[in-house]
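One structure is given below, encoded as structure tokens.
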Amino acid sequence: DAKTTQPNSMESNEEEPVHLPCNHSTISGTDYIHWYRQLPSQGPEYVIHGLTSNVNNRMASLAIAEDRKSSTLILHRATLRDAAVYYCILARTSYDKVIFGPGTSLSVIP
Amino acid sequence: DGGITQSPKYLFRKEGQNVTLSCEQNLNHDAMYWYRQDPGQGLRLIYYSQIVNDFQKGDIAEGYSVSREKKESFPLTVTSAQKNPTAFYLCASSERLWGNEQFFGPGTRLTVL
């Protein structure tokens with residue numbers, strides 16, 4: 001089964017960039033890499049996704065390694081509202097198993 | 001506004017009772033999903049549906065049942081066979097099955113007394 005590995009927790013200072021890593025060494029060629037975040041007592045919120053190329057949107061950037069075995073979510077300037085649990089998941093177009101692990105709990109220090 | 005709604009936000013039930021959690025979306029999405037989340041844990045997939053009148057078991061389907069009679073609705077029934085039903089339940093939808101963005105509802109926190 002393709003699964004992801006993330007650090008349990010990270011800290012960042014407000015207004016500094018944050019790099020959240022994710023390892024997915026068993027990724028297959030058709031797996032999309034998705035990132036979501038979840039604030040306490042709320043449903044997860046989509047952040048970004050990609051397949052092979054780096055991706056940018058208004059919330060974040062996604063840098064995908066050339067061999068696709070790892071990726072990094074980049075928040076360019078952390079704010080207090082970015083404090084959340086960040087999940088890196090592999091989404092398959094043909095269902096096998098979706099692993100939504102414990103994620104990385106990001107704390108932002110004022 | 002388009003979105004996905006779940007009701008109620010909090011639900012209390014006595015042990016041994018079945019309970020049905022509501023999930024409605026007006027995004028015209030084909031795929032819908034139910035997840036369970038326990039404190040400090042990630043999400044685990046209970047059931048998913050690719051299209052109306054079709055649904056498949058996820059990783060932890062035992063003790064749960066679903067129906068998909070309408071595109072907009074995907075209710076989840078937690079039966080008395082579910083051994084540890086107290087949890088946070090999240091419903092999601094996406095335009096097609098996997099591969100793209102899932103929109104999540106606000107969740108229902110079920111407590112079985």
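Bear in mind that the values here come from a model prediction, so they are computed numbers and not experimental data. So you know, we letter chains A, B, ... as the sequences are listed, proteins then strands, and number each from 1.
A:Y87 is linked by a ring-ring contact (aromatic ring centres under 6.0 Å, His included) to A:F100, counting only residues two or more places apart in sequence or in another chain.
Within the structure, salt bridge (charged side-chain N to carboxylate O under 4.0 Å, His left out) pairs that include any residue of residues 61-71 of chain B comprise B:D30-B:K71 (at least two apart or interchain).
Hydrophobic cluster membership is shared by A:V47 and A:L80, with clusters built from Ile, Leu, Val, Met, Phe, Trp and Tyr side chains linked at under 4.5 angstrom. A:L106 is not connected to A:I74 by any chain of hydrophobic side-chain contacts under 4.5 Å among Ile, Leu, Val, Met, Phe, Trp and Tyr, and they are in different clusters.
Counting heavy atoms from C-beta outward, A:N54 and A:I64 have side chains that approach closer than 4.5 Å. Side-chain contact between A:I109 and A:S12: absent, with no pair of heavy atoms (C-beta onward) separated by less than 4.5 Å. Looking at B:S94 and B:E101, their side chains never come closer than 4.5 Å, going by heavy atoms from C-beta outward.
Using a 4.5 Å heavy-atom cut-off against chain B, the contacting residues of residues 37-45 of chain A are A:Q38, A:S41, A:Q42, A:G43, A:P44. Residues of residues 73-93 of chain B lying under 4.5 angstrom from chain A, judged on non-hydrogen atoms, are B:F88, B:L90 by number.
Ionic pairing of B:R44 and B:D38 is present here: one or more N-O contacts between side-chain nitrogen and carboxylate oxygen are shorter than 4.0 angstrom.
Interface summary for chain A: among B:R109, B:Q41, B:Q37, the most heavy-atom pairs under 4.5 angstrom belong to B:Q37.
Classification of the B:Y35-B:F104 ring pair by plane angle, with boundaries at 30° and 60°, yields tilted. Under the 30°/60° scheme for interplanar angles, the aromatic rings of A:H34 and A:Y32 are found to stand perpendicular.
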